[in-house]
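Written out below as structure tokens is the structure these notes cover.
Throughout, a chain's letter reflects where its sequence line sits, starting with A, and its residues are numbered from 1.
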There are 2 protein chains.
Amino acid sequence: MARPRKPLLDQDRIATAALELVDEDGEFTMPALARRLGVQTPSIYHHVDGRAGVIELLRAKIDEEIDSALLDLRPWDRALDAYARSYRAAFAAHPHVIPLLATSTVQAPRVVVVYDMIAAVLIEGGFAPEQVMPSYTALENFLLGSALDRAAPEVMWEVPPGVEAPHLSRALAAQTTSPTRSDQAFEFGLAALLDALRAMNASP
Amino acid sequence: MARPRKPLLDQDRIATAALELVDEDGEFTMPALARRLGVQTPSIYHHVDGRAGVIELLRAKIDEEIDSALLDLRPWDRALDAYARSYRAAFAAHPHVIPLLATSTVQAPRVVVVYDMIAAVLIEGGFAPEQVMPSYTALENFLLGSALDRAAPEVMWEVPPGVEAPHLSRALAAQTTSPTRSDQAFEFGLAALLDALRAMNASP
DNA sequence: ACCTGAACACCGTTCAAGT
DNA sequence: ACCTGAACACCGTTCAAGT
């Protein structure tokens, strides 16, 4: 076969296949990815910088689904609220990718643009420049942790037989099934952080 | 050599060596771990259930450093505040382990005991049982995200040359070097969540 | 019970060969 | 430029052999 007249692969096809694989299996290997693409493993290396490159493609895929235009909303708290929800929804749709992304960090220009939009809406909203980074970092840490929580199996929240945990058992039994523990926690935490930001914004 | 008169290995030695390895290299492999222990790789399998077992040992090691007795403090918000700080400090001391633990989840009895203490202090503090899980989940998500943030390289927060990001640049320039962005974000987020819990506790 | 040497399946990556 | 086959180093794990 050697070189085909029309390329069999491109970054988009690779990214899509990788995302499907991770969604289904919870992980991916280069051979499995190649198999799904109907190609030999080394072929992938002509389009992406190895396995790490594939992970970057996954990150970009998820980023695409976050609606950063929401950061153009005003006032600032409406923008952050909407953006946070979009962020969470994007990750929630692909929970298994999260651990993959958590390990490495990026320097993608796209990310910088988004952070600039966030800094813009906050500064414009009356925050002092030195308040921007810690404020947003706190929010993002919460979002990231919430995303990881969604990737974790709910099974974790069962008291194993034979273990005495009366208070926890009571708390678990009192849970509502809908909205989920995860959803309720998200709503609560997001509101808490936005409230604190509003308070900070009100007083110098 | 075969079987030595005194065992060369035990779970404690393995755990300690693995933690050192991860702290130094940011990761660990079974051969590298064996090398550090002065032993052949398969020997480890006599004491731990494979690589996953070593990761569980790491989790236990970190858990040990969290002072769960702080959850016996009263009132509830003092307990949670102190526990949250201890939690963060334990992870902050070994940032590279965090991604390792984030992937898998546990069912360790020890964890259940801690969660029961948390449920106890909250219910005793006046929270309704159905408020416990979402409240604590929100806090823990924030703590986990904050821990991951600490594991991430600070380099991420530089604007690459040639990229236009005036607002972000301003926010970055305005940062104080001490306390760290990470520390400030932690203080802010923790206060925000505890405030929201107090508000929830005050009104039914 | 506990360590070793040998062996296996599998993975990520490189590279020369082919069009 | 782009795909393949062959090859390599390395990893996690198993297991029979030895005390």
Side-chain angles (χ1 to χ4, degrees), chain A residues 1-60 96-97 99-106, chain B residues 1-60 96-97 99-106:
Chain A
M1 169 174 316
R3 167 144 110 107
R5 303 164 68 266
K6 252 230 147 194
L8 296 176
L9 255 41
D10 58 65
Q11 297 211 351
D12 208 66
R13 284 208 59 205
I14 294 172
T16 304
L19 189 57
E20 286 171 10
L21 214 51
V22 175
D23 283 346
E24 288 167 25
D25 301 357
E27 52 180 8
F28 83 97
T29 65
M30 299 298 275
L33 181 55
R35 215 172 304 127
R36 176 172 285 251
L37 288 163
V39 114
Q40 295 301 314
T41 309
S43 305
I44 301 173
Y45 287 77
H46 288 278
H47 299 88
V48 196
D49 186 13
R51 196 186 134 88
V54 176
I55 293 179
E56 285 320 297
L57 288 184
L58 285 177
R59 191 194 304 280
H96 293 303
V97 242
L100 251 31
L101 305 187
T103 318
S104 65
T105 347
V106 242
Chain B
M1 168 177 313
R3 168 146 109 107
R5 303 165 67 267
K6 252 225 146 199
L8 297 176
L9 256 40
D10 58 64
Q11 296 211 351
D12 208 67
R13 285 207 59 207
I14 294 171
T16 304
L19 189 56
E20 286 171 11
L21 213 52
V22 174
D23 283 346
E24 289 167 24
D25 300 358
E27 52 179 7
F28 82 97
T29 65
M30 298 298 277
L33 180 56
R35 214 172 304 128
R36 176 171 287 251
L37 288 162
V39 114
Q40 295 302 313
T41 309
S43 306
I44 301 173
Y45 288 78
H46 288 279
H47 299 88
V48 196
D49 187 14
R51 196 186 134 88
V54 176
I55 293 179
E56 285 319 299
L57 288 184
L58 286 176
R59 190 195 304 279
H96 294 303
V97 244
L100 251 31
L101 305 188
T103 318
S104 65
T105 347
V106 242

Legend entry - DNA chain C contacts made by residues 32-52 of chain A, counting heavy atoms under 4.0 Å: A:Thr41, A:Pro42, A:Tyr45, A:Gly50, A:Arg51
Legend entry - Heavy-atom closest contact (B:Leu37 atom, B:Ala17 atom, distance): CD2-CB, 3.7 Å
Inset, instruction - Please answer whether the main-chain N or O of A:Val48 pairs with a side-chain N or O of A:Gln11 as donor and acceptor at a distance below 3.5 Å. - result: no
Report, one pair per line, the protein and nucleotides 8-10 of chain C atoms (nitrogen or oxygen only) whose separation is under 3.5 Å.
none

Legend entry - Side-chain heavy-atom pair A:Ser43, A:Leu9 within 4.5 angstrom cut-off: yes
Legend entry - Reference residue A:Thr16; test side-chain contact (heavy atoms from CB on, under 4.5 Å); the match among A:Leu19, A:Asp12, A:Ile14: A:Asp12
Legend entry - More than 12 heavy atoms of other groups within 6.0 Å of B:Asp49 CG: no
Legend entry - Heavy-atom pair with the smallest gap, counting every atom of B:Arg51 and B:Leu100: NH2-CD1, 4.4 Å
Legend entry - Between C:dT14 (P) and A:Met30 (CE): distance, integer Å: 10 Å
Legend entry - Identified stems (criterion: three or more consecutive Watson-Crick or G-U pairs, under 3.5 Å), DNA chain C: C:4-8 with D:12-16, C:12-16 with D:4-8
Inset, instruction - Evaluate the side-chain proximity of B:Leu21 to B:Arg36: yes if any heavy-atom separation is below 4.5 Å, no if none is. - result: yes
Inset, instruction - Check the pair B:Val54 / B:Met30 against side-chain contact (heavy atoms from CB on, under 4.5 Å), numbers first and verdict last. - result: CA-CA 9 Å; B:Val54 176; B:Met30 298 298 277; 4.2 Å; yes
Inset, instruction - To the nearest Å, give me how far apart NZ (A:Lys6) and P (D:dC3) are. - result: 12 Å
Inset, instruction - State, to 0.1 Å, how close B:Asp10 and B:His47 come at their nearest heavy-atom pair, and which atoms those are. - result: CA-CD2, 4.0 Å
Inset, instruction - Could you tell me the separation between the CD1 atom of A:Ile14 and the P atom of D:dC2, rounded to a whole number of Å? - result: 11 Å
Inset, instruction - Grab the CZ-C1' distance between B:Phe28 and D:dG12 for me, whole Å please. - result: 11 Å
Inset, instruction - Measure the shortest side-chain to side-chain distance between A:Val97 and A:Phe28 over non-hydrogen atoms and say whether it is less than 4.5 angstrom. - result: no
